[in-house]
Amino acid sequence: MISVGSATDLDQVILPAIPPTHLLSGQIAALQITDRLHRGSQIVGRFETSGLAGFKIAAQGRPLRVRMSLSVDEHSISGWHTGATDPVSTLPRLIQIRSQGLLRQCVLLRGRRSHAQVAFDLAAEEIPDDGLICVEALDIMEGDGVGPEAREILAGRVIPDGVAGVRIDKIVFEEPPAVDFDPDQLDGCRCELYSLISAGGLVNLNRQGPRQLRSGMFLVNPVLRNTFGSSGYITFRLSTKAEPAAVIPATWRRMNSEWRWLRHATKKLMRAAAPDVEQVLSIRDGDIGVPEQRPQGNLTELEVPSPARSPLLVLLAPDQGVVPTLEYATVSDRSYGMELSPYE
């Protein structure tokens, strides 16, 4: 037997995946390293807690775009892998997505069934000669890419061990397209589907229209080159919606209570002020100053600079009885006139 360094002639040769490649299972040779990730057969894997997956990709000196689908389900709880599970929390989970040692995006997931999309670019010089690309999922309170101000504000607002049970359903490695899909406007749900924002995850990936912000916050992720928002500023149009009535069986006996609730909700919404943005801060660097917001009726336009290196956390003031809603986002031209919504 011939030994060369630490390898032998009996070692299995691992061929890297060649972009574009869509990886849908953890039982593949290209998944070289796992740390606290349980490999799956119909998904890439499920995290025990904050962990890492390393993929061998034949980048051949080219930049790559990484797109990843994450989700949570009824098994996404601390201790799922041992059977000693913790009680289910109603708070959302906030997760850092890191690659090659740097923070790339943040994901906010809320509820027991939701899906999130992640997308980021790796420059050619960030990919080593052996093609190993590492993707980490870390709880927001861990690691060194999050500033102390963000962690202080988020303490108590999100669950600890937020990565526990999170699934990687799919990961894609491809060359960044020369010309990307770049509309002038995205509705609230499309903003989340294209990973521009993260507001709790989508249950239905085909849903379009406004996006309710029940967590009282949302994240604006670093904008990909030549995509929506990369021109410098993004304007988010926020509104308030009345809380829905509790689910009441449609019987004649309860029709009066339904009508009373509808009258109350209508009056509440008519009196509701525009959503108030309390603070906008960089996850890494802290408060970015007083946000540019323009209220009118029950609508607010919030303008923020397109983040390039760190996600922005947008915190909304609570208002009992109404739900803040993201109607849509537009590429800002710095003109301060209100626009008409296509949903009105």
Side-chain angles (χ1 to χ4, degrees), residues 14 16-17 21-57 66-101 103-120 132-143 145-146 154 158-173 192-193 195 198-205 215 219 221 311:
I14 304 298
T21 182
H22 294 236
L23 305 181
L24 306 172
S25 168
Q27 310 302 316
I28 51 173
L31 178 53
Q32 288 274 277
I33 300 172
T34 61
D35 180 12
R36 290 171 287 185
L37 177 79
H38 291 234
R39 296 173 184 252
S41 56
Q42 297 182 3
I43 61 172
V44 176
R46 186 190 294 272
F47 287 102
E48 293 180 10
T49 183
S50 295
L52 173 148
F55 302 87
K56 191 171 184 179
I57 307 295
V66 183
R67 294 189 290 114
M68 185 163 56
S69 298
L70 303 176
S71 66
V72 295
D73 56 22
E74 62 274 10
H75 300 296
S76 299
I77 49 179
S78 294
W80 67 269
H81 57 291
T82 63
T85 56
D86 292 341
V88 177
S89 173
T90 58
L91 294 174
R93 59 184 78 210
L94 186 47
I95 302 167
Q96 306 172 60
I97 303 299
R98 302 168 63 92
S99 182
Q100 311 304 75
L103 176 62
R104 306 292 173 168
Q105 288 197 341
C106 282
V107 172
L108 184 71
L109 287 166
R110 180 180 181 273
R112 299 188 65 181
R113 286 193 176 276
S114 55
H115 304 266
Q117 306 298 308
V118 174
F120 58 88
L132 184 64
I133 296 176
C134 293
V135 178
E136 297 174 86
L138 269 66
D139 184 80
I140 195 65
M141 299 299 175
E142 300 179 21
V146 179
L154 288 167
V158 295
I159 65 172
D161 196 17
V163 186
V166 171
R167 302 168 20 156
I168 301 179
D169 294 327
K170 178 176 72 172
I171 188 163
V172 177
F173 299 92
E192 190 150 17
L193 182 66
S195 80
S198 188
L202 295 171
V203 177
N204 180 359
L205 296 179
S215 298
L219 291 128
N221 277 311

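Because the structure is predicted, anything quoted here is derived from the model rather than measured.
Checked by atom type and distance alone, the side chain of Ser99 never pairs as donor or acceptor with a backbone atom of Val135 at under 3.5 Å. In this structure, Trp80 contributes its side chain and Phe47 its backbone to a donor-acceptor pair below 3.5 Å. Side chain of Glu192 to backbone of Ala116: no donor-acceptor contact under 3.5 angstrom is found. A donor-acceptor pair under 3.5 Å is absent between the side-chain atoms of Ser198 and the main chain of Leu219, judged by distance alone.
Summarising the geometry, atom CD1 belonging to Ile43 is positioned 11.0 Å from atom NE2 belonging to His38; distances are rounded to the nearest 0.5 Å. Atoms CD1 and CE, from Ile171 and Met68 in turn, are 5.0 Å apart once rounded to the nearest 0.5 Å. One finds the CD1 atom of Ile168 at 8.0 Å from the CG atom of Leu31 (value rounded to the nearest 0.5 Å).
Residues satisfying the side-chain contact (heavy atoms from CB on, under 4.5 Å) test with Ile159, not counting sequence neighbours, are Ser89, Leu91, Arg93. Under the rule for a salt bridge (charged side-chain N to carboxylate O under 4.0 Å, His left out), the partners of Arg67 that lie at least two apart in sequence or sit in another chain are Glu174. Residues satisfying the side-chain contact (heavy atoms from CB on, under 4.5 Å) test with Arg98, not counting sequence neighbours, are Gln96, Leu103, Glu136, Leu138, Asp144. Residues passing the ring-ring contact (aromatic ring centres under 6.0 Å, His included) test with Phe55, sequence neighbours excluded: Phe173. Evaluation of the side-chain contact (heavy atoms from CB on, under 4.5 Å) rule for Ile33 yields Leu52, Leu132 as partners, not counting sequence neighbours.
Smallest separation of non-hydrogen atoms from Gln27 and Ser41: CG-CA, 4.2 Å. Pairing each heavy atom of Gly165 with each of Ser76, the nearest pair is O-OG, 2.8 Å.
When the shell of 6.0 Å around CD of Gln42 is examined, it contains 12 or fewer heavy atoms from other residues, nucleotides or ligands.
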>> For a side-chain contact (heavy atoms from CB on, under 4.5 Å) check, start with the C-alpha distance between Asn221 and Arg104, then their side-chain angles and the critical distance, and finish with the verdict.
In response: CA-CA 8 Å; Asn221 277 311; Arg104 306 292 173 168; over 6 Å; no

> Can you list the steps and then say if Gln117 with Ser69 is a side chain to side chain donor-acceptor pair (under 3.5 Å)?
Replying inline: CA-CA 5 Å; Gln117 306 298 308; Ser69 298; 3.2 Å; yes

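Listed by first and then second residue, the side-chain hydrogen bond (donor to acceptor under 3.5 Å, both in side chains) pairs involving residues 158-171 are Thr49-Asp161, Ser71-Arg167, Ser71-Asp169, Asp73-Arg167, Ser78-Asp161, Arg167-Asp169 (not counting sequence neighbours).
Residues Gln105 and Ser195 have side chains in contact (heavy-atom distance under 4.5 Å, counting atoms from C-beta outward). Looking at Leu94 and Cys106, their side chains come closer than 4.5 Å, going by heavy atoms from C-beta outward. Between Leu70 and Ile95, every side-chain heavy-atom pair lies at or beyond the 4.5 Å cut-off.
Considering Arg39, His75, His81, Arg36 in turn, His75 is the only one that fulfils the side-chain contact (heavy atoms from CB on, under 4.5 Å) rule with Arg46.
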